[in-house]
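Report on one structure; see the data block that follows.
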Amino acid sequence: MTDTAPQQFNFKAETRQLLHILIHSLYKDREVFLRELISNASDAINRLRFEMLTTQDVVDPKAELKIHIKADKDNRTLTITDTGIGMTREEIIDHLGTIAQSSARKFLEAAKDKNLDASGMIGQFGVGFYSVFMVAEWVRVTSRSFRPDAQAVSWHATGDDSYEVSPADMTERGTRVEIKLKEDAAEFAEEYRVKNIIHKHSDYIGFPIYVGSEEKPVNKQTSLWRTARNEIKEEEYKDFYRQTTLDFEDPLLHIHLATDAPVQLYALLYIPAKAERGVFSLRKDDGLKLYSRNILIDEYNKDLLPEYLRFVQGVVDSEDLPLNVSRETVQSSGLMPKLKKVLTNQVIKELESLAKKDAEKYNTFWKEFGVYLKQGIAASPADAETITPLLRFKTNLQPDVWSSLEEYASRMKDGQEVIYYIVGEDPKSVLRSPHLDAFKVNKTEVLLLTEPMDSFMLMGLRKFKDYELKNVAGAEVEGVDQPRAESEAEKIPEGDFNSLIEKFKQALGERVTDVRASNRLVTSVARLVDADANSNPDLQRVYKYLGKEYEIPKKVLELNPSHEILKNLLKLEPGSELQTIVIEQIFDSALLVEGLHPDPSSMTPRVQKIIEAALKMK
Ligand code: ADP
């Protein structure tokens, strides 16, 4: 190879596949190719700025940082030029010959799946540079790296299997992408159309985008987070969010913050409407964009907010970050914990005030993100106090309303000293739990904890104010009045009851540690409680969810001495089959409401026998 001869390369298999799809399918949203190219240009300028923080030894150090677009209607060409970091020969082969992006891979996979409408998705997935082949007959990329010793290089492709690389004579720093538009894509050689696309997709690109010979940039170009709040319209906040995330749902909340003490910072944060980052999202990871003096230094910074707020999107910009900053030193500079503290407090504060101002919206937030906050309590009990006011619960007395612990506390009965909770599988069936019998009669409120994460949360949440949290499934729950100062007449006489207990013990054998009378059951026949007062049922659940080797801990079966079923059970012929299967069923039902039954459908044959017997009796 001589220095001047073009050299031919083949695209990697995956790239060929992507090109084939882009060229041979019809897409509605072809205009997004321009968004992708502008975004690449802006990234390239950002990276240059980042280099220039530490070195002035670059080509054209004084050149304006900008993007220029020329639309030539007569020749049907479009040219996008930037004064960014540029590419060397190796870089251009490396970057434009292979797919770098994970979203492009996702797109490929989706396109394979015939049921998905790939054409609807292309605008939303950023497939990056290659999207240009939706509109291009050919593309030439000419680039001059910022490194003073680099040679300019040119890359040319038609969307076939190969591309060509040759030396070029470009003296100014940056990259120029020339596109010969397909006949049916001539619209993109019209200036008005180009401007239109910029407004729609790229208004908040931080560098000026000039079109044609105009001296005024087309884009807004403002760092919205540095603009005074009272100058920003609601719609602009939403637009900015849309353009930076491609989330098409409006965010639930935006938080715009500018402070000078204890650290200088600007922040524009958003709480999305949904916890799931859609496959279409531009954001490929959690984390905030971190700028130092308007220069992007980290696209996905995860040290600015605690784990449990990782769903928050947005931008943070601080003048206090040292200028010789690099992605690594950002972490080690003492500034980060300070920024984190300010941001965390602010997010919590705004959420609290949302809860006060607009409870309905807060509930939407809670339903979507509550599980993150619960996880926060589980993972860092030190944060529990901060997070606790944000928690919401349903209760046995108000099963359709979300209540805060504060509200629960304000409704506590005179003399109540603890906060009661019950852990169950789902909000409906937990209400049928025998553990709630006494609380129902007394009208004592009990929190319903029915999400897997709740068991984890409980490990970090043992108290609210001075009130301890107490599981009602425990054997002894102080403070619950005897539900019934029941007339002895209603109860099964002691002698009979003892023989009944014996029957249960015989039938259940090793499966229970004891059978005894309960004084807390009202409408339920039986309940299971822990044999050992010290055992921790919450922890047992945690083990179960973690899929740890989990054996159902043996429990004590407590019976309701006044219950009709037991009275009738006594009337059956002693030792009869029906008596035994009813005992078995009472035990299985108790396991079931506890969420401990290993195989609920195994009950079916027995239930059938019981039905048959019941029908015979009438
Ligand atoms: P992505 O931008 O998501 O990484 P692309 O396929 O759009 O994926 O681009 C691939 C790579 O090509 C980029 O990561 C970048 O390194 C390089 N590149 C693309 N456009 C430019 C440009 N205008 N200036 C410098 N490098 C560029």
Side-chain angles (χ1 to χ4, degrees), residues 9 11-12 14-19 21-22 32-52 58-60 63 65-70 78-108 122-136 139-147 150-157 159 163 165 168 170 172-179 201-202 205-210 244-246 279-285 289 296 299-300:
F9 295 87
F11 283 112
K12 293 266 159 61
E14 220 176 15
T15 315
R16 284 209 296 269
Q17 217 180 328
L18 181 61
L19 289 176
I21 295 172
L22 291 171
V32 299
F33 84 91
L34 190 57
R35 173 190 77 200
E36 300 291 321
L37 295 181
I38 290 175
S39 152
N40 280 349
S42 159
D43 285 351
I45 301 176
N46 252 316
R47 281 160 58 202
L48 175 87
R49 263 223 305 216
F50 190 75
E51 291 293 333
M52 286 186 68
V58 304
V59 176
D60 298 339
L65 301 175
K66 64 172 182 185
I67 299 165
H68 183 262
I69 300 182
K70 187 169 154 228
L78 185 68
T79 309
I80 297 116
T81 311
D82 66 67
T83 52
I85 197 161
M87 287 177 274
T88 62
R89 187 174 188 278
E90 286 68 36
E91 283 166 344
I92 220 167
I93 293 170
D94 210 30
H95 294 154
L96 300 186
T98 8
I99 297 180
Q101 290 196 78
S102 59
S103 57
R105 293 215 172 85
K106 275 195 220 144
F107 173 77
L108 267 182
I122 186 127
Q124 321 210 7
F125 275 112
V127 292
F129 173 77
Y130 300 108
S131 55
V132 72
F133 286 102
M134 292 189 288
V135 299
V139 180
R140 180 181 298 119
V141 180
T142 312
S143 196
R144 168 84 166 88
S145 165
F146 75 109
R147 297 173 205 282
Q151 303 291 315
V153 59
S154 151
W155 179 103
H156 183 268
Y163 60 93
V165 175
M170 180 171 173
E172 62 282 21
R173 178 196 72 220
T175 301
R176 183 171 67 229
V177 180
E178 284 170 85
I179 304 157
H201 297 290
S202 312
I205 291 289
F207 306 100
I209 306 173
Y210 300 98
T244 45
T245 61
L246 278 194
V279 273
F280 305 142
S281 175
L282 264 193
R283 305 295 291 163
K284 295 168 186 107
D285 195 359
K289 283 176 170 236
L296 181 66
E299 181 76 44
Y300 299 104

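In each ligand, atom 1 is the first atom listed, and ligand 1 is the first ligand listed. Bear in mind the structure is a predicted one, so any value in this text is a computation, not a measurement.
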I need the [X] [atom1] to [Y] [atom2] distance, nearest 0.5 Å.
{"X": "Ser39", "Y": "His201", "atom1": "OG", "atom2": "NE2", "answer": "12.0 Å"}
{"X": "Phe33", "Y": "Leu78", "atom1": "CZ", "atom2": "CG", "answer": "5.0 Å"}
{"X": "Thr81", "Y": "Lys66", "atom1": "OG1", "atom2": "NZ", "answer": "8.5 Å"}
{"X": "Arg176", "Y": "Arg144", "atom1": "CZ", "atom2": "CZ", "answer": "13.0 Å"}

*Tell me which one of His95, Met87, Glu91 gets a heavy atom nearest to atom 11 (C) of ligand 1.*
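Looking at heavy atoms only, the winner is His95.
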*N/O of Asp43 under 3.5 Å from N/O of ligand 1, yes or no?*
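Min N/O separation from ligand 1 is not below 3.5 Å for Asp43.
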*Using distance alone, decide if ligand 1 has a nitrogen or oxygen within less than 3.5 Å of any nitrogen or oxygen in Asn40.*
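Yes.
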*asked:* Before you tell me yes or no, could you show the steps for Ile80 and Leu34 under side chain to side chain contact (heavy atoms under 4.5 Å, CB included), namely the whole-Å CA-CA distance, both residues' side-chain angles and the distance that decides it to 0.1 Å?
replied: CA-CA 9 Å; Ile80 297 116; Leu34 190 57; 3.9 Å; yes
*May I ask you to decide if Ile67's main-chain N or O and Asp82's side chain share a donor-acceptor pair within less than 3.5 Å?*
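No, because the side chain of Asp82 does not come within donor-acceptor range (under 3.5 Å) of the backbone of Ile67.
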_Heavy atoms only, cut-off 4.0 Å: how does Val141 contact ligand 1, side chain, backbone, both, or neither?_
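It is neither; nothing of Val141 touches ligand 1.
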_Test of understanding: given a 4.0 Å heavy-atom threshold, classify the contact between Arg47 and ligand 1 as side chain, backbone, both, or neither._
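The answer is the side chain.
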Residue [X] vicinity, atoms of ligand 1 by number, heavy atom under 4.0 Å:
{"X": "Gly128", "value": "7 (O)"}
{"X": "Leu96", "value": "12 (O)"}
{"X": "Phe129", "value": "5 (P), 6 (O), 7 (O)"}

